[in-house]
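Start at 1 and go down the list; that is how both ligands and their atoms are numbered. The figures that follow rest on heavy atoms only: side chains count, while hydrogens, waters and symmetry mates do not. Since this is a predicted model, take the numbers as computed values, not measurements.
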Amino acid sequence: MSTDKRRGTIEAHLVEQQYYKPPDEFIEQANIKDPNIYERFEKFPEGFEEYANLLDWYKTWDQVFDGSKPPFYKWFVGGKINASYNCVDRHLSTRKNQTALLWEGEDGEQKNITYQDLYREINEISAALKSVGIKENDIVTLHLPMVLELPMTMLACSRIGAPHSEVFAGFSATALSDRVRDANSEYIVTIDGYYRRGEFLNHIEKTDAALEGMDERPTVLVWTRHEKPMVDIKEEYILLKDLQKEHKRELVDPVERNAEDILFLMYTSGTTGKPKGCQHRTGGYLAYATGTSKYILDIKPEDTYWCAADIGWITGHSYIVYGPLALGTTSVMYEGTPDYPHKGRIWEIAEKYSVDIFHTSPTAVRMFMKWGEEHLEGYDFSFRLMTSVGEPIQPEAWIWYYEYIGKKEAVIVDTWWQTETGGHMITNLPGISDMKPGSAGLAAPGIKPMIVDGEGKEIDREVGKAGNLIITRPWPGMLQTVYGDDERFISTYWEEFSDTNSSEWEKWSYKAGDGAIQTSDKYFRILGRLDDVMNVAGHRLGTMELESAIVEVKSVAEAAVASRKHPEKGEVPDAYVVLREGNKASDEIRKCINESVEEGIGKFARPANVIFVEDLPKTRSGKIMRRLLENISNDEELGDTTTLSDPTIAEKIRIQVHGEGGK
Ligand code: WT7
């Protein structure tokens, strides 16, 4: 596949794959086996009421959808609801003693939190949060790793109507403070530390550092991984365990939220340096996360369901916390990494809890594949359904996943969606359609994706040519806006393929930023981002964000980041760096660059290669041609270099990277 991102076209040479049928035993028990569902959801917007009806509302909506001010849509208008009530309280009458969250520590420690426990905890935490002054609509930033306190704090926030904004624990102090500032958040909830590969990581130091440059310091609330803190905690911070004890046995009524009130923010990378706060609404989001959990993940209350993602990303919000708990199932959380203390750790947990549904990413599948099937041997587990999410999965990896992990019995759903979409958008309904390795599948019920060329014209399925993936009809899980920046919301997602002067929603289409193909069987195959956003091991990274962190280093004059294909991680960032006069390339500078990225974003974003070059390829108007650097990183043909101000530069870099023998 070669990409020409600037023109939004992709040439794809893909081999068609055979179909795989879901087993009869699966179909018999599937939540959805009636193909009429697609017709039901054809009715717009009423179709989506089916999802909203899975929830308990204090007051039902007066209007399903208000599209009068595109793209600022409203869902379930007039409805009143509380997410925490739906995820916890409403299950007490039927399954209070069932495990809601099943937590496995890195060292094998186990905690089963029943729905009744969760109810108790969340009430006390809600009371504790209120006691420090947190009110309805205050945004609470969470910076928590995979500990039970993370979903519990999220649910306590939603109980009292305070939107949470969880910042993935791997993010650095700078990334944390950027997000706190952008959200004007006056509260941070963090933890002293957690375990990674046997070591206790000091986590609170990131909050300490984040606060340093702030004039108005947020109130900091601290969980502790053990009963007592393991590291120094600043005096002005509040220990949440102690505070919770002061509110023992207190009950806090869930706040009746308007369906359109904010449930949470989730920051994500874009094409500029500044992360975007995707703002999700309460009613529509919860309905969509719950409906897709039931119909696509086939979750039943009696299941043990394990989504091996981090709650710090949207996958964990929708499909570890909100969707599964709203359905009253048992959701597994694992603190550690898949290869610690051994490479069979995942299968050990799957066997221990007899996991029924397993949810992971292509990056993880490729890693398991590289480790080899011998690490699965001897573990007795059998999944009914497995998912793949976050990146395109190559057919070879899909087939390996199917054969060795699914044992040719589990159904696989490849689910395409985004932080912005709230839930699955393109995927098969597991009991209805055949699977096709490498294809995300069909449009989810009620979702209208389309492939268009650069001018917004639909590309005929029969032609099978790739183009821009857009969504032409609104859906309840979609983001409301970019927090505090309606203009950016419009310019990022809508401007390109909408008639922005129109007040008819039918004239507006959402741009996903991905390239895709739809084949004549209506299956979609996702090819990847068309913009300057990379997907590193399932983490979305903007090249601009990386570049800004790199140019922070004093000796660096200019930097451009290109995405290189990687057999396991999908993509990795290569940094092409021009030094200021008088500086020589050195390991010392390379180290500074890596450290600057770690400080600015987080360890997970470190460049795979730092390549010192004399100059960067630029157009005559001075724009860096990242595409050429990408071609070089991937050892592909350079293609057209005539628009460059100095065409020899790209060639020089190519020789520097690959020698005379490269392409
Ligand atoms: C981007 C969104 C969705 C939760 C995790 C990532 C890529 C996502 C797939 C898939 C091919 C996929 C797209 C998308 N992507 N799922 N099944 N097949 N690509 O959320 O960080 O918002 O990233 O991930 O490029 O735009 P995210």
Ligand 1 contact on [X] by region, counting heavy-atom pairs under 4.0 Å:
| X | result |
| --- | --- |
| N535 | side chain |
| A440 | neither |
| D514 | side chain |
| I426 | neither |
| Q418 | both |

Who's the nearest protein heavy-atom neighbour of [atom], and how far?
| atom | value |
| --- | --- |
| atom 4 (C) of ligand 1 | T315 OG1, 3.2 Å |
| atom 3 (C) of ligand 1 | W417 O, 3.1 Å |
| atom 18 (N) of ligand 1 | E391 O, 3.2 Å |
| atom 22 (O) of ligand 1 | T419 OG1, 2.5 Å |

I314 neighbourhood, listing ligand 1 atoms whose heavy-atom distance to it stays under 4.0 Å:
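Close to I314: 4 (C).
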
Short list, please: which atoms of ligand 1 are under 4.0 Å from a heavy atom of T415?
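So the answer, numbered in order with elements, is 9 (C), 10 (C), 16 (N), 17 (N).
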
Using the ring of Y493 (Phe, Tyr or Trp, six-membered ring only), decide whether K511 places NZ or CZ under 6.0 Å from its centre and within 45 degrees of its axis.
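That pair does not qualify as a cation-pi contact.
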
Centroid separation under 6.0 Å, is that true for the rings of F524 and W416?
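Centroid distance W416-F524: not below 6.0 Å, so no.
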
For side chain to side chain contact (heavy atoms under 4.5 Å, CB included), just list the numbers for L144 and E166, CA-CA rounded to whole Å, side-chain angles, deciding distance to a tenth of an Å, and then say yes or no.
CA-CA 7 Å; L144 292 168; E166 154 74 0; 4.1 Å; yes

Residues Y267 and D182: side-chain donor-acceptor under 3.5 angstrom
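Result is yes, a qualifying pair exists.
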
H317 and H280: side-chain donor and acceptor closer than 3.5 Å?
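On atom types as modelled, these side chains do not qualify, holding no pair under 3.5 Å.
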
Between R529 and ligand 1, is there a nitrogen or oxygen pair with a distance under 3.5 Å?
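Yes, at least one N or O pair falls under 3.5 Å.
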
Hey, is ligand 1 close enough to R540 that some N/O pair sits below 3.5 Å?
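So ligand 1 has an N or O lying under 3.5 Å from an N or O of R540.
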
What's the separation between atom OG1 in T329 and atom CG in L297, rounded to the nearest 0.5 Å?
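If I round to the nearest 0.5 Å, the distance is 10.5 Å.
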
Should W398 and Q17 be marked as a side chain to side chain contact (heavy atoms under 4.5 Å, CB included) after you check the CA-CA gap, both sets of side-chain angles, and the distance that decides it?
CA-CA 11 Å; W398 191 100; Q17 297 289 322; over 6 Å; no

Parallel, tilted or perpendicular: rings of W417 and H424 (30°, 60°):
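Geometry flag for W417 against H424: perpendicular rings.
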
Consider ligand 1: state whether an atom of it lies below 4.0 angstrom from any non-hydrogen atom of G390.
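It does, in that a heavy atom of G390 comes within the 4.0 Å cut-off of ligand 1.
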
Count the heavy atoms belonging to other residues, nucleotides or ligands that lie under 6.0 Å from NZ of K407, then report whether that count exceeds 12.
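Enclosed.
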
